[in-house]
Amino acid sequence: MLSVTKTIRHGSLFDIHQVIISNFNDHIACGFSNKIMGVVSAKYVAPLKVELHFNDGIIKTVDVGAFIRKHPHPQYNSYLNENKFKKFKIEFGNIVWGKNWDLIFPIDKLYAGVCC
């Protein structure tokens with residue numbers, strides 16, 4: 001768990017806000033709260049498609065296979081194999097494939113229901 005202390009000036013007064021950030025579901029204080037968008041879980045739902053559950057309750061199904069087929073690359077092509085594709089994991093609020101994040105997408109695109 002990370003603790004952050006932020007001093008914010010309000011007119012001539014200074015307020016100290018202490019924020020505890022434990023994961024991507026928490027808020028960041030900077031005079032106001034912003035929610036950090038993140039994937040909290042994912043499941044394989046169809047050939048090369050995943051259902052993503054975001055921290056605000058939104059659920060999107062994303063066709064990752066369409067991206068791989070449109071952008072052939074030796075690093076991506078191996079994920080056309082469904083057994084390898086199913087080995088995704090959630091790290092730092094995003095879905096990733098491979099030990100070194102061989103395949104990862106911008107979170108705002110995933111939230112929109114697309115890869116890129």
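Heavy-atom basis, side chains included; hydrogens, waters and symmetry copies ignored. Just so you know, residue 1 is the first one in the sequence shown, and it goes up from there.
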Side chain to side chain donor-acceptor pair (under 3.5 Å) contacts touching residues 102-116 (sequence neighbours left out): Asp56-Tyr111, Tyr79-Asp102
Within the structure provided, determine whether Cys115 and Val62 are in side-chain contact (heavy-atom separation under 4.5 Å). yes
Answer whether the closest heavy-atom distance between the side chains of Val50 and Val64 falls below 4.5 Å. yes
Gap between atom CD1 of Ile95 and atom NZ of Lys43 - 0.5 Å precision: 13.0 Å
If you round to the nearest 0.5 Å, how far is CG of Leu52 from CD1 of Ile59? 10.0 Å
Is it true that Phe105 and Val114 fall in one hydrophobic cluster, defined by side-chain heavy atoms closer than 4.5 Å? no
Please enumerate all residues that pass side chain to side chain contact (heavy atoms under 4.5 Å, CB included) together with His71, with sequence neighbours excluded. Phe67
Given the rule in the side-chain contact (heavy atoms from CB on, under 4.5 Å) test, do Tyr44 and Glu51 qualify, once you have shown the distances and angles that lead to the verdict? CA-CA 6 Å; Tyr44 181 82; Glu51 181 180 274; over 6 Å; no
Phe54 side chain reached by Val39 side chain, heavy atoms, under 4.5 Å: yes
Tell me, do Ile68 and Asn77 make a side-chain contact under 4.5 Å, heavy atoms counted? yes
Rounded distance (nearest 0.5 Å) linking atom NZ of Lys89 with atom CG of Asn94: 12.5 Å
How many angstroms lie between CD1 in Ile58 and CG in Leu110, if you round to the nearest 0.5 Å? 14.0 Å
Listing request: all side chain to side chain donor-acceptor pair (under 3.5 Å) pairs with a residue in residues 59-70, at least two apart in sequence or in separate chains. none
Distance check, rounded to the nearest 0.5 Å: Leu80 atom CG versus Lys84 atom NZ? 10.5 Å
I need the Tyr76 OH to Phe85 CZ distance, nearest 0.5 Å. 14.0 Å
